[in-house]
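Following: one structure in structure tokens, then a few remarks.
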Amino acid sequence: MRRIYERYTDEVYDENGLLTSFKLHWPEDYNFAYDIVDDIAAAEPERQAMVWCNPEGEEHRFSFGDLKYWSDKTANYLVDKGVVAGDMVLVILRRHYQFWFVALALAKIGAVIVPATFMLKEHDVEYRVNSAGIKTLICTDVGDIAAVIDRALPNCPSLKTCILVNGGGGGQGARNAPDDSSLSGSDGICAMSAVRAGWADFNSEVRQANSNFDRRQTKAADPMIMYFSSGTTGNPKMVLHDSSYSLAHLGTARHWQQVRSDGGIHFTIADTGWGKAVWGKLYGQFVMEACVFTYDFDRFVPDEICALIQKYRITTFCAPPTMYRLIMGSPQLGDYDLSSLEHSTTAGEALNPDLFASWHDHTGLNIFEGFGQTETPVTICNINGMSPKPGSMGRPLPLYETSILDENGQECATGQTGEICIRVNTGNSEQPYPPGILLEYYRDAAKTAEAVCNGWYHSGDTAWRDEEGYFWYVGRNDDIIKSSGYRIGPFEIESVLIEHPAVRECAVTGVPDPERNAIVKATVVLAEGYRASEALSQELQEWVKEQTAPYKFPRIIDYLDELPKTVNGKIRRAAIRTADLEGAKAAAARAPEEFGG
């Protein structure tokens with residue numbers, strides 16, 4: 001390891017080894033693909049960058065030299081297809097290794113990668129293509145997303161080039177190969193073609209492309225990556241980042257995930273359509289010269305994940321609490337050797353003390369929570385030298401000045417709930433804007449001005465701070481339930497409910513109520529051996545009353561076989577609220593007829 005991250009960082013630690021100051025700097029022409037990946041490839045071409053496999057039995061180990069080779073070929077290919085600097089390129093590639101080729105190639109060209117999930121429908125595709133002016137789209141052939149795009153094409157006038165990637169199965173079984181062990185064909189990487197009318201074939205054409213791509217002039221301040229970030233209302237926002245975003249993820253990889261550069265393998269469970277993928281599979285890890293692990297699966301199976309940790313000797317691991325919970329609930333958990341794990345992290349949902357304790361009992365490891373958004377890298381987290389408190393996000397990373405502000409923009413007192421805000425007017429003339437914070441909501445000046453104002457980036461997430469400076473998450477401003485004058489955060493109630501033996505998973509939301517403005521509802525997935533009943537609902541309500549303020553108890557408890565989630569396992573409370581609202585509208589529409597109206 002050459003410790004190239006030190007070129008870009010200034011760090012100060014106290015006498016106990018705790019990070020107290022963390023600053024980043026970079027040259028005007030910094031480019032992640034050239035200055036990190038290609039730099040490593042030139043000095044240590046055989047250094048392992050990624051171990052990739054899928055359920056069908058295919059496995060590939062990519063060195064940094066391999067990534068340079070394939071990203072150069074991909075860059076030449078995309079230039080031949082008309083991609084130029086500044087273009088927005090929509091990329092839907094699940095967990096296929098081609099995602100890494102494309103991400104690096106677009107950075108080299110100076111184009112902007114726009115990752116997206118394969119779960120999109122026609123109107124989602126139309127909105128993304130038209131709102132961002134997408135001219136080129138690169139998509140997997142796994143599943144039905146290519147057909148969805150074909151149906152959307154007549155309403156997407158800017159989209160000129162569609163490129164199809166044979167994903168070799170993507171966890172759904174070999175469709176084009178004679179057996180499950182040779183999905184890439186006898187020649188290896190990108191060997192299998194994809195044929196679809198009107199689409200170019202990525203694999204075949206990239207293999208034929210020139211493997212030498214000369215460095216082009218780019219600027220660190222140029223846009224590099226953009227994500228569509230959905231809220232609870234309105235269309236998704238387009239979150240635009242420049243190249244400083246890649247360096248800011250040093251906080252994510254080095255200090256929160258604590259990846260090990262020599263001999264370590266980091267495994268973040270995330271689909272490339274979501275921001276957590278570049279949090280844990282690309283930027284910070286490669287700046288640390290570390291190896292990432294990617295499993296191109298279609299469906300999360302806890303025993304498969306445990307078997308992979310055992311087989312590949314994974315050293316650092318990051319997953320949502322839901323996935324930790326499913327792993328700990330596996331009857332076969334004791335059959336797997338997880339002793340290679342050295343560090344584990346989580347973000348995105350409530351981590352209840354029971355899960356924290358059970359993971360520690362089984363692995364000897366604490367789970368280090370963290371907090372960040374599509375608009376940021378990790379900003380609040382537990383790092384080396386801290387003692388994680390179950391349920392706390394940790395303390396602000398010293399890369400940012402982070403505060404909890406009230407509605408008047410004043411700092412909240414200890415224990416008072418307010419909005420998590422990050423100072424954006426740094427006073428540094430050379431770097432007035434902190435690295436890694438969004439440049440803007442693309443083509444939406446109003447939403448940008450709403451989020452970045454009075455010298456602060458307003459996250460829209462609420463929390464409170466304890467006496468030791470640890471932050472405790474309350475919820476999205478949109479998730480906060482305002483009932484009878486109280487402000488109730490869903491995380492606290494979920495954390496209490498999940499400790500009841502009958503509850504395997506739960507999500508807490510608000511339901512409109514004419515008297516109280518809103519009432520608390522818990523949507524529960526029951527543990528094995530329990531059945532929904534009025535008696536159980538009353539028992540759960542009393543359970544909450546006994547462990548937190550009585551006004552927070554769920555007045556409605558609904559039972560489902562499974563909760564709506566993203567492909568990364570994050571619970572979608574907004575989907576529950578939408579279903580409740582649609583149900584209420586349907587009931588209201590039926591009312592006149594049912595009552596003789």
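Position 1 is the first residue of the sequence, and the numbers go up from there.
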Next on the checklist: A cation-pi test, strictly: NZ or CZ of Arg94 under 6.0 Å from the centre of the six-membered ring of Phe118 and no more than 45 degrees from its axis. Yes or no?
Outcome noted: yes
Checklist entry - Aromatic rings Phe22 and His255: how do their planes relate, parallel, tilted or perpendicular, breaks at 30° and 60°? => result perpendicular
Next on the checklist: For the CZ atom of Arg3 and the CD atom of Glu289, what is their distance to the nearest 0.5 Å?
Outcome noted: 9.0 Å
Item to check | Side-chain donor-acceptor pair present, Asp461, Gln373, cut-off under 3.5 Å | outcome: yes
Checklist entry - Can you name the closest pair of heavy atoms from Thr294 and Met50 and give their distance? => result OG1-SD, 3.4 Å
Checklist entry - Is a side-chain donor-acceptor pair under 3.5 Å present for Ser344 with Trp359? => result yes
Item to check | Over all atoms of both residues, closest heavy-atom pair of Met393 and Asn382 | outcome: O-ND2, 3.4 Å
Checklist entry - Does Asn408 use its side chain to pair, donor to acceptor, with the backbone of Gln410 at less than 3.5 Å? => result no
Checklist entry - What is the distance from atom CD1 of Ile404 to atom CD of Glu419, rounded to the nearest 0.5 Å? => result 10.5 Å
Checklist entry - Got a donor-acceptor contact below 3.5 angstrom from the Ser483 side chain to the Ala518 backbone? => result yes
Item to check | Val474 backbone acceptor or donor facing Thr462 side chain under 3.5 Å | outcome: no
Next on the checklist: Any heavy-atom pair between the side chains of Leu438 and Tyr227 that's under 4.5 Å?
Outcome noted: no
Item to check | Verdict with supporting geometry, Lys237 and Glu450, salt bridge (Lys or Arg N to Asp or Glu O under 4.0 Å) | outcome: CA-CA 13 Å; Lys237 296 171 288 188; Glu450 182 180 343; over 6 Å; no
Checklist entry - Just how far is it from atom CG of Leu120 to atom CD1 of Ile92, taken to the nearest 0.5 Å? => result 5.0 Å
Checklist entry - Strictly by modelled atom types, are Asp14 and Thr20 linked by a side-chain donor-acceptor pair under 3.5 Å? => result no
Item to check | Working for side chain to side chain contact (heavy atoms under 4.5 Å, CB included), residues Leu526 and Leu536 | outcome: CA-CA 10 Å; Leu526 291 174; Leu536 179 58; 3.6 Å; yes
Checklist entry - Above 12 or not: heavy atoms from other molecules or residues under 6.0 Å from CD of Glu6? => result yes
Item to check | Exceeds 12 heavy-atom contacts within 6.0 angstrom, atom NZ of Lys23 | outcome: no
Checklist entry - Under the 3.5 angstrom rule, does the side chain of Lys281 hit a backbone N or O of Thr268 as a donor-acceptor pair? => result yes
Checklist entry - Which heavy atom in Pro554 sits nearest to a heavy atom in Lys521, and how many Å separate them? => result CB-C, 4.4 Å
Checklist entry - Looking only at heavy atoms, what is the nearest atom pair of Pro396 and Gly469, with distance? => result CD-O, 4.1 Å
Next on the checklist: Treating Thr315 as the side-chain partner and Ile265 as the backbone partner, does any N or O pair qualify as donor plus acceptor under 3.5 Å?
Outcome noted: yes
Next on the checklist: Do Tyr312 and Glu59 pair up side chain to side chain, a donor and an acceptor below 3.5 Å, judged on atom types alone?
Outcome noted: yes
Item to check | Validation row: Phe293, Ile314 side chains within 4.5 angstrom (heavy atoms) | outcome: yes
Next on the checklist: For Thr345, is there any backbone N or O sitting under 3.5 Å from a side-chain donor or acceptor partner on Gln257?
Outcome noted: no
Checklist entry - Do Arg95 and Tyr295 have side-chain heavy atoms sitting under 4.5 Å apart? => result no
Next on the checklist: Using the rule given for side chain to side chain contact (heavy atoms under 4.5 Å, CB included), can you reason through Leu333 versus Leu338, listing the C-alpha separation, both sets of side-chain angles and the distance that settles it, and then say yes or no?
Outcome noted: CA-CA 9 Å; Leu333 179 62; Leu338 306 184; 4.2 Å; yes
Next on the checklist: Just by distance, no angles: are the side chains of Glu375 and Tyr441 close enough, under 3.5 Å, to form a donor-acceptor pair?
Outcome noted: yes
Checklist entry - Are the side chains of Trp256 and Cys318 in touch, meaning some heavy atoms are under 4.5 Å apart? => result yes
Item to check | Glu407, CD: over 12 other non-hydrogen atoms inside 6.0 angstrom | outcome: no
Checklist entry - How far apart are the C-alpha atoms of Asp354 and Arg325, what are their side-chain angles, what is the distance that settles it, and do they pass the salt bridge (Lys or Arg N to Asp or Glu O under 4.0 Å) test? => result CA-CA 10 Å; Asp354 182 62; Arg325 195 170 295 117; over 6 Å; no
Checklist entry - Should Val292 and Phe286 be marked as a side chain to side chain contact (heavy atoms under 4.5 Å, CB included) after you check the CA-CA gap, both sets of side-chain angles, and the distance that decides it? => result CA-CA 8 Å; Val292 299; Phe286 285 178; 4.1 Å; yes
Item to check | Cationic N near anionic O, under 4.0 Å, Lys389 to Asp466 | outcome: yes
Next on the checklist: If I take atom CD from residue Gln310 and atom OG from residue Ser340, how far apart are they, to the nearest 0.5 angstrom?
Outcome noted: 8.5 Å
Item to check | Donor-acceptor contact present, side-chain Glu369 to main-chain Gly391, <3.5 Å | outcome: yes
Checklist entry - Can the ring centroids of Tyr245 and Phe32 be said to lie less than 6.0 angstrom from one another? => result no
Checklist entry - Got a donor-acceptor contact below 3.5 angstrom from the Arg47 side chain to the Ile40 backbone? => result no
Checklist entry - Does Leu405 offer a backbone N or O that forms a donor-acceptor pair with the side chain of Ser403 under 3.5 Å? => result no
Checklist entry - Taking atom NZ of Lys311 and atom SG of Cys53, what is their separation to the nearest 0.5 Å? => result 6.5 Å
Checklist entry - Is any side-chain heavy atom of Leu397 less than 4.5 Å from a side-chain heavy atom of Thr379? => result no
Checklist entry - When rounded to the nearest 0.5 angstrom, what distance separates OG1 in Thr117 from CH2 in Trp274? => result 5.0 Å
Checklist outcome for this item: Closest non-hydrogen atoms of Ala502 and Tyr530, given as atom of the first, atom of the second and distance, are CB-CD2, 3.4 Å
Checklist entry - Are the side chains of Val424 and Pro434 in touch, meaning some heavy atoms are under 4.5 Å apart? => result yes
Next on the checklist: Counting the benzene-type ring for Trp, do Phe356 and His360 have ring centres under 6.0 Å apart?
Outcome noted: no
Checklist entry - Under 4.5 Å between any side-chain heavy atoms of Asn54 and Trp52, yes or no? => result yes
Checklist entry - For Tyr400 and Val378, which heavy atoms make the closest approach, and how far apart are they? => result CE1-O, 4.0 Å
Next on the checklist: One pair to check against side chain to side chain contact (heavy atoms under 4.5 Å, CB included): Tyr473 and Phe371. What are the steps and the verdict?
Outcome noted: CA-CA 9 Å; Tyr473 190 71; Phe371 167 82; 4.0 Å; yes
Next on the checklist: Does either side chain, that of Glu342 or that of Gln258, offer a donor lying less than 3.5 Å from an acceptor on the other one?
Outcome noted: no
Checklist entry - Is a side-chain N or O of Gln547 found less than 3.5 angstrom from the main chain of Val544, in a donor-acceptor match? => result no
Next on the checklist: Can you classify the ring geometry of His343 versus Phe368 as parallel (below 30°), tilted (30 to 60°) or perpendicular (above 60°)?
Outcome noted: tilted
Next on the checklist: Contact between Ser537 and Tyr559 at the side-chain level, heavy atoms closer than 4.5 Å - yes or no?
Outcome noted: yes
